[in-house]
Enquirer: 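Okay, here's the structure, questions in a sec.
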Amino acid sequence: MDDVARELGISKKTLYQFVNDKNDLVEKTLEFYLQRHRHTCEVLGEDNKNPIDAMLAIGDFFCQQLKDTSPALMFDLRKYHSGAFQKLGEYKLACISEQLESNMVRGIKEGYYRPDVDTKIIPRLYMVMADAVLESPYFPRDKFKFEEVVKSMLNYHIHGIATPKGIEYLNKQYNKI
């Protein structure tokens, strides 16, 4: 808390007028971040003409947000700030899976995604892949470029759910991301 107060240029007494303790600070910071994240993802999903464009835009946003994030952050949240870690998990289940599901329903309706994909299960599988990319020892940052791993994950995901029309669009627009 000393470091936070010093970085903000305020006293600890002033800081404690806004937060109760370190856990409260972490939870409020996470809540602020998640609100911004949700808004940006909603805008990206709505602004794109095509569900594949939306999926890639949200994936790019995810990549930009997390590429400089230390994997130790998730460890610290899990170990020292269980309330914040639980909120993050709830956010992923509610917001992210909801947005992915909405994207998939739209993509099926527009003929870009296969109608036989389960729009309840596939978003959760996608989140498991995203967690694996972020926290996994299989992709150490000193051996794999985070952006390339995310790009490969998105390519894999879209090819798994896309119709021939969707794959053709992906290849034409993005040259096989």
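Both backbone and side-chain heavy atoms feed into the values below; hydrogens, waters and symmetry mates do not. Starting from 1, each residue takes its place in the sequence as its number. Computed from a predicted model, the values in this text were never measured in an experiment.
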Enquirer: Taking all heavy atoms of A84 and all of V26, pick out the closest pair and write down the distance.
Expert: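 Heavy atoms only, the tightest pair is CB-CG1, 3.8 Å.
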Enquirer: Please check this pair: side chain of T14 against backbone of I10, looking for a donor-acceptor N/O pair closer than 3.5 Å.
Expert: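 No.
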Enquirer: Please confirm whether the backbone N or O of Y33 pairs with a side-chain atom of R38, one donor and one acceptor, at under 3.5 Å?
Expert: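 Checking the backbone N and O of Y33 against the side chain of R38, no donor-acceptor pair under 3.5 Å is found.
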Enquirer: Quick one: does any side-chain atom of H157 pair with a main-chain N or O of M153 as donor and acceptor, under 3.5 Å?
Expert: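 Judged by distance alone, no pair lies under 3.5 Å.
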Enquirer: Would you say S152's side chain and E148's backbone share a donor-acceptor pair under 3.5 angstrom?
Expert: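 Checking the backbone N and O of E148 against the side chain of S152, a donor-acceptor pair under 3.5 Å is found.
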Enquirer: Verify, without hydrogens or angle tests, whether T29 (side chain) and L25 (backbone) share a donor-acceptor contact under 3.5 angstrom.
Expert: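 Side chain of T29 to backbone of L25: a pair is present.
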Enquirer: Given 3.5 Å as the limit, does a donor-acceptor pair link the side chain of K165 with the main chain of E110, or not?
Expert: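 Yes; at least one donor-acceptor contact below 3.5 Å.
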Enquirer: Any salt bridge linking D24 with K28? Criterion: basic side-chain nitrogen under 4.0 Å from a carboxylate oxygen.
Expert: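 Result for this pair is yes, salt bridge flagged.
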Enquirer: Would Y169 end up clustered with I167 when hydrophobic side chains under 4.5 Å apart are linked, directly or stepwise?
Expert: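 In one cluster: no.
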Enquirer: State which residue, out of Q35, H37, E31, fulfils the side chain to side chain donor-acceptor pair (under 3.5 Å) condition with Y91.
Expert: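 The option that passes is H37.
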Enquirer: Minimum heavy-atom separation for V150 and C63, please, with both atom names.
Expert: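 Minimum heavy-atom separation between V150 and C63: CG1-CB, 4.0 Å.
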Enquirer: Mind checking the CD-CD spacing from E98 to E42? Nearest 0.5 Å is all I need.
Expert: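 If we round to the nearest 0.5 Å, E98:CD and E42:CD are 7.5 Å apart.
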Enquirer: Compare every heavy atom of K12 with every heavy atom of M1, then report the nearest pair and how far apart it is.
Expert: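 So the two residues come closest at O-CG, 4.1 Å.
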Enquirer: Spell out, as yes or no, whether a donor-acceptor pair under 3.5 Å connects the side chain of T163 to the backbone of G111.
Expert: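 Here the side-chain-to-backbone pair exists.
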Enquirer: Which heavy atom in P51 sits nearest to a heavy atom in G107, and how many Å separate them?
Expert: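 Taking P51 first and G107 second, the nearest heavy atoms are CG-CA, 3.5 Å.
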Enquirer: Considering non-hydrogen atoms only, spot the tightest contact between G166 and I52 and give its length.
Expert: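 Scanning both residues, the minimum pair turns out to be O-CD1, 3.3 Å.
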Enquirer: Should D60 and K151 count as side-chain neighbours, where that means a heavy-atom distance under 4.5 Å?
Expert: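 Sidechains of K151 and D60: no contact.
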Enquirer: Where do D118 and P123 come nearest, in terms of heavy atoms and distance?
Expert: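 What the structure gives for the nearest pair is O-CD, 4.0 Å.
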Enquirer: Membership question, hydrophobic clusters at under 4.5 Å side-chain separation (ILVMFWY): are Y138 and F144 in the same one?
Expert: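 Yes; Y138 is reachable from F144 via cluster members.
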Enquirer: Quick one, K22 and V4 - any side-chain contact, counting heavy atoms below 4.5 Å?
Expert: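 A side-chain contact is absent here, since even the closest heavy-atom pair is not under 4.5 Å.
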Enquirer: Can you confirm whether more than 12 heavy atoms, excluding those of E7, are under 6.0 Å from its CD atom?
Expert: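 Atom CD in E7 is not packed in, count stays at 12 or less.
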Enquirer: Taking M74 as the starting point, is it possible to reach Y80 by hopping between hydrophobic residues whose side chains are less than 4.5 Å apart?
Expert: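 Unlinked, Y80 and M74 end up in two clusters.
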Enquirer: Indicate whether the side chain of Y16 and that of D21 have a donor and an acceptor atom separated by less than 3.5 Å.
Expert: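 No - no donor-acceptor pair under 3.5 Å links their side chains.
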Enquirer: Side chains of L170 and H159: does their closest heavy-atom pair fall under 4.5 Å?
Expert: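 Contact flag for L170/H159 side chains = yes.
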Enquirer: Taking L125 as the starting point, is it possible to reach Y156 by hopping between hydrophobic residues whose side chains are less than 4.5 Å apart?
Expert: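 Yes, one cluster joins them.
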Enquirer: Any side-chain heavy atom of M55 sitting closer than 4.5 Å to one from L154?
Expert: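 Side-chain contact under 4.5 Å: yes.
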Enquirer: Does the pair Y112 and I161 meet the rule for a side-chain contact (heavy atoms from CB on, under 4.5 Å), with working shown?
Expert: CA-CA 8 Å; Y112 290 98; I161 64 173; over 6 Å; no
Enquirer: Does V105 share a hydrophobic cluster with V117, counting links as ILVMFWY side-chain heavy atoms below 4.5 Å and allowing steps through other members?
Expert: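 No, no single cluster joins them.
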